There are 2 protein chains.
Amino acid sequence: MTYDIGWDLYRSFLGVLREGSLSGAARRLGVAQPTIGRHIAALEEALGVALFTRSQSGLLPTDAASRLVHYAESMEAAAAALERVASSQGPGMRGTVRVTASDVIGVEVLPAIIAGLREQHPDLRVELALTNKIQDLLRREADIAVRMTRPRQVSLVARRVGTIELGLHATRRYLERQGTPRQTGDLARHALIGFDEGTAFVREAAKSFPDFQRDAFAISTDSDLAQLALIRAGAGIGICQVGLAKRDAALVRLFPDQFSLKMEIWVSMHEDLRNSPCCRITFDALAEGLRFHTDPP
Amino acid sequence: MTYDIGWDLYRSFLGVLREGSLSGAARRLGVAQPTIGRHIAALEEALGVALFTRSQSGLLPTDAASRLVHYAESMEAAAAALERVASSQGPGMRGTVRVTASDVIGVEVLPAIIAGLREQHPDLRVELALTNKIQDLLRREADIAVRMTRPRQVSLVARRVGTIELGLHATRRYLERQGTPRQTGDLARHALIGFDEGTAFVREAAKSFPDFQRDAFAISTDSDLAQLALIRAGAGIGICQVGLAKRDAALVRLFPDQFSLKMEIWVSMHEDLRNSPCCRITFDALAEGLRFHTDPP
DNA sequence: CGTAGGTCATGCAAAAATGTATGAATACTG
DNA sequence: CAGTATTCATACATTTTTGCATGACCTACG
């Protein structure tokens, strides 16, 4: 039934969706622009559906095309997973493992763990996908996920490695210049660093802290990394992980009793991957490394 | 990263896995045999892994290849789902819906429901995949599943439509010839129709009925349809759905009190498909039709 | 308002993939 | 045990696909 449409057409389709133009997709896929154009035409012909409205400035996906994105992405994820598994065949601990985590964890915590892991296993490749969007382990968009929430899906092996505490911080230097707030109400007179839109979790959590609200923020960004960098640069007072702040002698924690937010850290992967030595050893290394970094559960 | 391996290679790879030979895959995919051979060679080259051991009688997948099957199947399922969604674009109730169910349900119950549905919506195509293996709705191997167990996966919409009772049956004619067993112990002297290997569920259920055990079966098959046909043909005494037996005046139920097994019937689909008119209307038609056919939950 | 940089579409040549035909080796079968 | 029907591999012709070059068009910008 599906044997008359070449799968390469779907690859080109996805490329055009990603890049928004035939030319862009051609560059990305390493082929010529007319080739992509012909692929799209062939696919539209085969499916009997218009996928894009052509224009000189690019191609705009139709509603029909938008409804098909997900499936093309599934194919891509499966192809990528297949390649990763294939790369891990052969003797020794060789192969590629794709790990997803949040920005901050990925930048501040994981590098040391991964470095240690790769020191022991030089043939192990690690792909680090940093995003706050939860990637789908079932679709194998990633092999291993480090997340702040308990995974709900079945057929995942998940381990709770510890908890991370968030707290209000600023640099010593900032506080010397601007004065140290004595009570939470004083925060209103300070440069607060906060979120812009924020995730559902963040918005919910913020409700508990009436002095740390959106309209009070002097600087707001949804990049957790930028918030951390701003705090470190002495731009003001913001929230970051207590564990990270402790490493940095220049950072001071404020109102540790009133401002405290604890999150569980989970490492999870698809249960099928238990038999994959690479994934398993990476899983264990992440769990152990994070256990060391975090507070006990 | 995955942009140097054409997806068509995976399609050929899957074809060879399915058919066990280059020639077979070529026939299935509608191309020539050397083409498939070159595809496999190219894929092995690109992945750096031997996928098959060649022989004159066909190709034997290596362990490495076996570990990759799943991902190629995922791609195939995604491609098929994409095509189905594409086919449902456009005005009116048009499109293709893939329904999976067990053999017996699919042969004895669903045809009437599907016929009625298609009478109302002639442009609706239905693919009926009959298998006792639970197809993965998340991978979109099917759009809608009719199953005897409550689906455990999240992100599925599931409706319990009723219960089905299984009981011991035989034809009136058989009983006239061989005599009607008066007590369950008499069954040992009869031609019992039962399962061969059976599923985990069946083996578990069978434990409750000491007189209906594997070593007592005169005829055994794992095809539920064959069992039903054998009962109808008067070959002996076997288990079938009470609802089906009632339709057939020639069938008599035995030991309705001692032999009774009730199963819940669930209709489920991926929650994303609620927005697909075709899937939704098929889902509703199946739920309503099955509700009519089954006993209340 | 003209230039620069981007887009897609088209004609033609080159390259690549495919198909056909054939050979060699194995497995089944009467 | 010979004959038939498989299989995969190879050589060569053909078709298909792709790439290149170009033109037409739109947008942005000085």
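Remember, predicted model here, so these are calculated numbers, not experimental data. Reminder, nothing fancy here: chain letters follow the sequence lines and each chain counts from 1.
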Taking atom C1' of D:dA9 as reference, at what distance in whole Å does atom CD of B:Glu44 sit? 14 Å
Answer yes or no: is there a donor N or O on one side and an acceptor on the other, between the side chain of B:Asp143 and the main chain of B:Arg98, under 3.5 Å? yes
How are the rings of B:Phe195 and B:Phe217 set to each other: parallel, tilted or perpendicular (split at 30° and 60°)? perpendicular
What is the separation between atom CD1 on B:Ile36 and atom C1' on D:dA9, rounded to the nearest whole Å? 15 Å
Is any NZ, NE, NH1 or NH2 atom of the basic residue among B:Asp8 and A:Arg11 found under 4.0 Å from an Asp or Glu carboxylate oxygen of the other? no
Between B:Arg38 and C:dA17, is there a contact of a side-chain N or O with OP1 or OP2 at under 4.0 Å? no
Side-chain N or O of B:Thr35 versus OP1/OP2 of C:dG19: is the shortest distance under 4.0 Å? yes
Can a salt bridge be assigned to the pair A:Arg18 and A:Glu76 using a cut-off of 4.0 Å between side-chain N and carboxylate O? yes
Looking only at the side chain of A:Pro34 (C-beta and beyond, no hydrogens), which of the listed nucleotides D:dT7, C:dA9, C:dT10 gets closest? C:dT10
Protein-nucleotide distance (B:Gln33, atom CD; D:dT10, atom C1'), rounded to Å: 10 Å
Atom-to-atom span, CZ of A:Phe52 to C1' of C:dA9 - whole angstrom: 17 Å
Tell me: CG of B:Leu29 to C1' of C:dT18, nearest whole Å? 14 Å
Is there a side chain to side chain donor-acceptor pair (under 3.5 Å) between A:Arg147 and A:Thr100 once you walk through the steps? CA-CA 8 Å; A:Arg147 288 292 147 201; A:Thr100 177; 3.0 Å; yes
So if I take every side-chain heavy atom of B:Leu22 and compare against D:dA9, C:dA9, C:dT20, which nucleotide ends up nearest? D:dA9
Any B:His39 side-chain N or O less than 4.0 Å from OP1/OP2 of C:dT18: yes
Among C:dC8, D:dG19, D:dC8, which is the nearest nucleotide to the side chain of A:Arg54? C:dC8
So, is B:Arg27 close to the D:dT7 phosphate, meaning a side-chain N or O under 4.0 Å from OP1 or OP2? yes
Please tell me if B:Ser23 has a side-chain N or O lying less than 4.0 Å from either OP1 or OP2 of D:dC8. yes
Nearest-nucleotide comparison on DNA chain C, the residue closer to the 5′ end among A:Gly37 and B:Val31: A:Gly37
Between C:dT7 atom P and A:Leu60 atom CG, what is the distance in whole Å? 16 Å
Using whole Å, what does the distance between atom P of nucleotide C:dA17 and atom CG of B:Leu9 come to? 9 Å
Please report the distance, rounded to the nearest Å, between CD1 in A:Ile40 and P in C:dC8. 11 Å
